[in-house]
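Reminder, nothing fancy here: chain letters follow the sequence lines and each chain counts from 1.
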There are 2 protein chains.
Amino acid sequence: MPSTRTANRPSKLLDGAVGVTTPRSVNEIFEVLRDAVVSQRLSPGVQLKEQPLASAFGVNRAAIRQVLAKLANCKLAVHRLNRGVFVASPSREEAVSIFHARRVVETAIIELAVERMDAHGLRELRTIIAQEQAGYLSGKLREASKLSVQFHRTLAQKAGNSVLEQFLEEIVARTPLVVLSFNVTDNLGCEGGEHAKIVDAIEARDAALAVRLLHEHLGHLENKLAFDEHLQPDELERAIFHSLGSAND
Amino acid sequence: MPSTRTANRPSKLLDGAVGVTTPRSVNEIFEVLRDAVVSQRLSPGVQLKEQPLASAFGVNRAAIRQVLAKLANCKLAVHRLNRGVFVASPSREEAVSIFHARRVVETAIIELAVERMDAHGLRELRTIIAQEQAGYLSGKLREASKLSVQFHRTLAQKAGNSVLEQFLEEIVARTPLVVLSFNVTDNLGCEGGEHAKIVDAIEARDAALAVRLLHEHLGHLENKLAFDEHLQPDELERAIFHSLGSAND
DNA sequence: CAACAAATTATTGTTGACGATTTTGTTAGG
DNA sequence: CCTAACAAAATCGTCAACAATAATTTGTTG
């Protein structure tokens with residue numbers, strides 16, 4: 001039984017996140033963990049223990065504590081008194097709220113993007129789409145999924161409203177938790193050219209079409225989820241299997 | 001020059017917030033400080049020093065540190081390296097983003113509220129409106145302003161989408177900072193019965209009317225602000241005048 | 001063999017102290 | 001009189017250790 005005192009290795013959770021250098025700042029650790037959620041490397045219900053995280057990132061527990069406070073503030077984690085913080089397990093109601101809110105926020109973003117998009121932004125978006133498609137074709141689903149998220153993020157950025165951009169970021173970060181809680185088919189985001197069509201509509205300044213395409217796009221994602229079959233009870237099992245810091249191999 | 005070591009008094013910032021009992025939990029302190037922002041007891045640019053806050057709330061600096069991390073996460077405060085955290089001073093761009101995002105979010109909330117509002121919710125809203133009007137008539141502007149915020153909060157709650165509710169909460173919390181940064185006329189929220197008309201439209205299930213009334217309502221607030229005259233440079237002056245923990249009387 | 005109870009372990013919550021960086025106040029020089 | 005270098009204070013950033021609570025294991029008993 002290995003003691004958790006000795007600096008346990010960076011714990012595969014961070015494999016695809018950051019190279020080797022240990023980040024120091026609270027914000028960097030926060031973004032790494034949020035990225036771990038977005039990339040589905042952190043599953044709902046997993047406990048985020050302080051000492052293992054501190055060892056993994058090479059910082060003190062106090063710093064981790066601030067990170068966990070921020071994660072809980074974003075609703076990406078829940079804090080149980082004297083028990084620790086756990087990755088959030090969205091309920092069915094939260095899930096539908098998240099998807100509805102996403103329609104609201106991203107619709108507004110699209111409408112702004114149609115007004116303000118410039119040639120540089122269009123190029124940037126199409127570059128991301130190309131990389132995303134290449135990722136799907138080469139079988140790199142993780143990377144492609146991340147690029148899909150990056151597409152929506154960049155779109156929000158080009159809309160030029162920092163508040164809506166932040167809201168979309170929060171929604172996008174919580175969506176993977178919903179997918180992991182309710183999805184059965186593990187392939188998500190593998191739509192054929194829907195992003196490209198949206199960009200075309202934006203370039204044509206056709207707001208109505210762009211919004212319609214977006215709604216169809218989001219609808220496809222929602223339809224992949226099985227809201228009836230709730231695999232919530234598995235929460236604890238997943239938690240112990242993905243338990244951070246118990247890597248004994 | 002009094003030393004900040006000795007437990008300085010609860011620092012009038014908390015006068016209207018909580019009775020006497022010192023809250024213990026991080027979340028409670030966070031909400032007290034957020035409420036202080038909403039109530040305009042904390043001005044943009046004010047430094048939130050850790051030791052005075054810890055003394056005021058009767059907790060350790062570590063707890064305050066988590067609170068400040070959450071405040072920074074909500075964009076209610078900014079964190080400067082090795083310099084501390086300060087109450088946010090929204091720029092003009094942030095201000096217009098906040099107002100635009102509010103239109104987007106609260107429009108969606110109104111539409112949901114029209115669908116889902118019940119008799120109990122209507123009573124609750126009208127009770128708040130009555131108290132708000134009474135507050136205005138009796139000259140208690142602070143309390144009335146708080147009730148005005150409470151109206152929008154309750155409306156969001158009755159819409160039944162927790163994500164949109166949280167988004168509106170964040171917007172509402174940041175709005176006072178915008179007002180303090182750009183407003184010249186200090187009377188805000190003293191509209192005559194606009195809230196009541198919105199509730200009437202909701203009761204009549206007239207979504208279009210309710211949305212139109214809401215937009216007019218928000219437009220009145222925006223028109224009160226002088227976005228041209230930027231009193232941003234005063235940041236430092238306000239900071240030193242409202243400096244927390246230097247109460248020497 | 002199952003169920004209950006006590007002891008052990010592990011994790012969180014809290015506290016205090018130390019070093020680093022920035023800011024402020026002072027002083028010498030132009 | 002103003003400017004620049006220097007000294008002092010204050011604040012943040014980091015860390016290690018202690019106390020309290022919950023979970024786990026072990027031992028006992030019906």
Between protein and nucleotides 22-25 of chain D, what N or O pairs are separated by less than 3.5 Å?
| unit_1 | atom_1 | unit_2 | atom_2 | d |
| --- | --- | --- | --- | --- |
| D/dA23 | OP1 | A/Arg83 | NE | 3.3 |

N/O (side chain, A/Gln47) to phosphate O (OP1/OP2, C/dT12) under 4.0 Å: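 So the side-chain polar atoms of A/Gln47 do come within 4.0 Å of the phosphate oxygens OP1 or OP2 of C/dT12, strictly under.
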
Contact under 4.0 Å: B/His79 side-chain N or O vs D/dG13 OP1/OP2: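 Yes, because at least one side-chain N or O of B/His79 sits under 4.0 Å from OP1 or OP2 of D/dG13.
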
Side chain to side chain donor-acceptor pair (under 3.5 Å) against B/Arg34, all qualifying residues, sequence neighbours excluded: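 Applying side chain to side chain donor-acceptor pair (under 3.5 Å) to B/Arg34 gives none.
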
Contacts of type side chain to side chain donor-acceptor pair (under 3.5 Å), residue A/Arg153, not counting sequence neighbours: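 Applying side chain to side chain donor-acceptor pair (under 3.5 Å) to A/Arg153 gives A/Gln150, A/Glu169.
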
Report the distance from atom [atom1] of [X] to atom [atom2] of [N], rounded to the nearest whole Å.
X: B/Arg65; N: C/dG13; atom1: CZ; atom2: P; answer: 18 Å
X: A/Ile29; N: D/dG13; atom1: CD1; atom2: P; answer: 14 Å
X: A/Arg80; N: C/dG13; atom1: CZ; atom2: P; answer: 13 Å
X: B/Gln66; N: D/dG13; atom1: CD; atom2: C1'; answer: 15 Å
X: B/Asn60; N: D/dT14; atom1: CG; atom2: C1'; answer: 13 Å
X: B/Gln51; N: D/dG13; atom1: CD; atom2: P; answer: 14 Å

Heavy-atom donor-acceptor pair, B/Arg61 side-chain to D/dG13 base, under 3.5 Å: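 Counting by modelled atom types and ignoring angles, a donor-acceptor contact under 3.5 Å is found here.
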
B/Lys49, nearest nucleotide to its side chain (from D/dT11, C/dG13, C/dT15):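 Taking heavy atoms from C-beta onward, the closest nucleotide is D/dT11.
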
B/Arg103 with B/Glu222: basic N within carboxylate O range, under 4.0 Å: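 Answer for the salt bridge query: yes.
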
For B/Val37 against B/Ala173, the heavy-atom pair lying closest together: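 Minimum heavy-atom contact is CG1-O, 3.5 Å.
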
Validation row: B/Val105, A/Phe167 side chains within 4.5 angstrom (heavy atoms):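 A side-chain contact under 4.5 Å exists here.
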
Contact check, side chains of A/Lys75 and B/Val163, non-hydrogen atoms, under 4.5 Å: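 No. Closest side-chain heavy atoms not under 4.5 Å.
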
